[in-house]
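Okay, so here's the structure we're looking at.
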Amino acid sequence: MMTKQAQVMVVTPHPDDAEYGVAGTVARWTREGNDVIYVVCTNGDKGTNDANMKPGALVRIREQEQLAAAKLLGVREVIFLRYPDQTLEDTPEFRKKLVRLIRMYKPETVVTADPYRRYIWHRDHRITGQVTLDAIFPYARDSLSYPDLLKQGLHPHKVREILLWGSEEPNYRSNITDTFDIKVAALRCHKSQVGDSPSPDLEQWLRQRHKMMAEGEDYELAEAFHRVEIWR
Ligand SMILES: [Zn+2]
């Protein structure tokens, strides 16, 4: 397998979730010279209130929006798994796709949605987070878990760190003061979701949110995660 390693893999349920969750940190990582790749699990084809919008057209729009946002952030590659929106399930097939990608790209850090947020949490978010955690440990790590992947040259890989956005128990904060503007610009690429009005509401709302996440730190704006380190 000749895939170039990426330090960071971001596994996002829908186009735009990664921008809300981790874009400020992604922009910092790429500025520092790290390779970041995105895996977008669903095609986002239910994400509209426009009764005239056809799902197929929405998929194409949202992929272009995701690519534009990723480009702004310096993301090296975007992989679309294209599961229909709101249909994601914890299946052996989905898990194996993620294991394959983890073994191909060998990320040190994987970022995804926290599956353990209670009550109101999009099912696709819960399932993406859960299946990603399972794919990392133990399936990507263990040589006997997928003999066919091993035969294809996809050797076991140990991810070292997991960052979960949307967590009710954040234990790790990342300084995004210098990259906040890029995060806002990346979110604005998702016009089908945030609208294209020049209104400063989105920016104000985000600034408030990330200020709260930075409370007690000596900088202004943070993204917050539940961080898990894996030693085995
Ligand atoms: Zn989402």
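None of the values given here were measured: they were computed from a predicted structure. All residue numbers in this chain count up from 1 along the given sequence.
If you check the side chains of Glu169 and Tyr116, you find no donor sitting under 3.5 Å from an acceptor. Between Ser192 and Glu65, the side chains place a donor N or O and an acceptor N or O closer than 3.5 Å (distance only, hydrogens not considered). Side chain to side chain, Thr109 and Arg160 fail the donor-acceptor criterion of an N or O pair below 3.5 Å. With no hydrogens or angles considered, a side-chain donor-acceptor pair links Tyr105 and Glu77 at under 3.5 Å.
Here the side chains of Leu221 and Asn175 are not in contact, with every heavy-atom distance at 4.5 Å or above. No side-chain heavy atom of Val40 sits under 4.5 Å from any side-chain heavy atom of His14. No side-chain heavy atom of Met104 sits less than 4.5 Å from a side-chain heavy atom of His157. Two residues are said to be in side-chain contact when any heavy atoms from C-beta on lie closer than 4.5 Å; Val8 and Val26 fail this criterion. Gln5 places none of its side-chain heavy atoms less than 4.5 Å from the side chain of Asp35. In this structure, the side chains of Val159 and Phe137 stay at 4.5 Å or more apart for every pair of heavy atoms. A heavy-atom distance below 4.5 Å is not found between the side chains of Pro170 and Phe225. Counting only heavy atoms from C-beta outward, the side chains of Ile162 and Ile230 approach each other to under 4.5 Å.
Surrounding CD of Glu229 are more than 12 heavy atoms belonging to other residues, nucleotides or ligands, all under 6.0 Å away. Residue-environment remark: CE (Met212) stays at or below the threshold of 12 foreign heavy atoms within 6.0 Å.
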### Task
Apply the test side chain to side chain contact (heavy atoms under 4.5 Å, CB included) to residues Gln193 and Thr48: give CA-CA distance (whole Å), side-chain angles for both, the deciding distance (0.1 Å), then the verdict.
CA-CA 7 Å; Gln193 306 303 300; Thr48 185; 5.8 Å; no
### Task
Test side chain to side chain contact (heavy atoms under 4.5 Å, CB included) on Gln66 and Asp16 and set out the steps.
CA-CA 7 Å; Gln66 182 64 89; Asp16 84 351; 5.7 Å; no
#### Entry: Worked check of salt bridge (charged side-chain N to carboxylate O under 4.0 Å, His left out) between Lys96 and Asp148
CA-CA 11 Å; Lys96 188 174 178 182; Asp148 57 326; 2.5 Å; yes
### Task
Take Asn34 and Thr30 through the side chain to side chain contact (heavy atoms under 4.5 Å, CB included) test and state the conclusion after the steps.
CA-CA 5 Å; Asn34 296 294; Thr30 60; 6.0 Å; no
### Task
Dump the intermediate steps for side chain to side chain contact (heavy atoms under 4.5 Å, CB included) on Leu81 and Val39, then the final yes or no.
CA-CA 7 Å; Leu81 299 184; Val39 178; 3.8 Å; yes
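Ion pairing of Asp90 with Arg123 is absent here, as no side-chain N (NZ or NE/NH1/NH2) approaches a carboxylate O to less than 4.0 Å. The pair Lys211-Glu215 fails the salt-bridge criterion, with no side-chain N (NZ, NE, NH1 or NH2) lying under 4.0 Å from an Asp/Glu carboxylate O. Between Asp134 and Arg95 there is no salt bridge, since no side-chain N of the basic residue sits under 4.0 Å from a carboxylate O of the acidic one.
Using bins of under 30°, 30° to 60° and over 60° for the plane-to-plane angle, the ring pair His125/Trp121 lands in the perpendicular bin.
Tyr38 and Val59 end up in different hydrophobic clusters when Ile, Leu, Val, Met, Phe, Trp and Tyr side chains are linked at under 4.5 Å. Connection of Ile79 to Leu67 is not established within any shared hydrophobic cluster, with ILVMFWY side chains joined at heavy-atom distances below 4.5 Å, either directly or through further cluster members. A single hydrophobic cluster is seen to contain both Val228 and Met9, as judged by linkage of ILVMFWY side chains at heavy-atom distances under 4.5 Å, directly or through other members. The hydrophobic cluster containing Ile176 also contains Leu202, counting ILVMFWY residues as joined when their side-chain heavy atoms lie under 4.5 angstrom apart, directly or transitively. Neither Met213 nor Trp205 shares a network with the other; the hydrophobic side chains, linked directly or stepwise wherever heavy atoms of I, L, V, M, F, W or Y lie under 4.5 Å apart, form separate groups for each.
Pro13 and Trp165 get closest at one heavy-atom pair: CD-CZ2, 4.0 Å. The two residues Thr112 and Val11 come nearest to each other via the heavy atoms OG1-O, 2.9 Å. Nearest heavy-atom pair, Val22 versus Val111, reported as atom, atom and distance to 0.1 Å: CG2-CG1, 3.8 Å. The minimum heavy-atom distance between Asn43 and Asp85, with the atom names listed, is OD1-N, 3.3 Å. Considering every non-hydrogen atom in both Ala18 and Val10, the closest pair reads CB-CG1, 3.8 Å. Heavy atoms only, all atoms of each residue included: Ser174 and Thr25 are closest at OG-OG1, 2.7 Å.
Side-chain atoms of Asp142 never come within 3.5 Å of backbone atoms of Leu144 as a donor-acceptor pair (strictly under, hydrogens ignored). Within the 3.5 Å criterion, the main-chain N or O of Ala222 finds a donor-acceptor partner in the side chain of His210. A distance-only check finds a donor-acceptor pair linking the side chain of Asp124 to the backbone of Gln86 [under 3.5 Å]. Distance alone, capped at 3.5 Å, places no donor-acceptor pair between the Asp114 side chain and the Leu164 backbone. Side chain of Lys97 to main chain of Phe94: no donor-acceptor pair is present (N/O by atom type, distance under 3.5 Å, no hydrogens or angles). Side chain of Arg117 to main chain of Ser167: no donor-acceptor pair is present (N/O by atom type, distance under 3.5 Å, no hydrogens or angles). In this structure, the side chain of Gln7 does not engage the main chain of Val36 through any donor-acceptor pair within 3.5 Å. For the pair Thr87 (side chain) and Pro84 (backbone), a donor-acceptor distance under 3.5 Å is present.
Interatomic distance, OG1 of Thr42 versus CZ of Phe80, reported as 10.5 Å (0.5 Å rounding). To the nearest 0.5 angstrom, Gln204 atom CD is 9.0 Å from Arg207 atom CZ. A distance of 10.0 Å separates CD in Glu217 from OG1 in Thr177, rounded to the nearest 0.5 Å. Atom OG1 of Thr128 sits about 11.0 Å away from atom CZ of Arg126, to the nearest 0.5 Å. Note that the CG atom of Leu98 and the SG atom of Cys41 stand 5.5 Å from one another [nearest 0.5 Å]. In this structure, CH2 in Trp29 is found 11.5 Å from CG in Leu73, a value given to the nearest 0.5 Å.
Checked against salt bridge (Lys or Arg N to Asp or Glu O under 4.0 Å), Lys46 has no partners two or more places apart in sequence or in another chain.
Considering Lys183, Arg209, Arg173 in turn, Lys183 is the only one that fulfils the side chain to side chain contact (heavy atoms under 4.5 Å, CB included) rule with Glu223.
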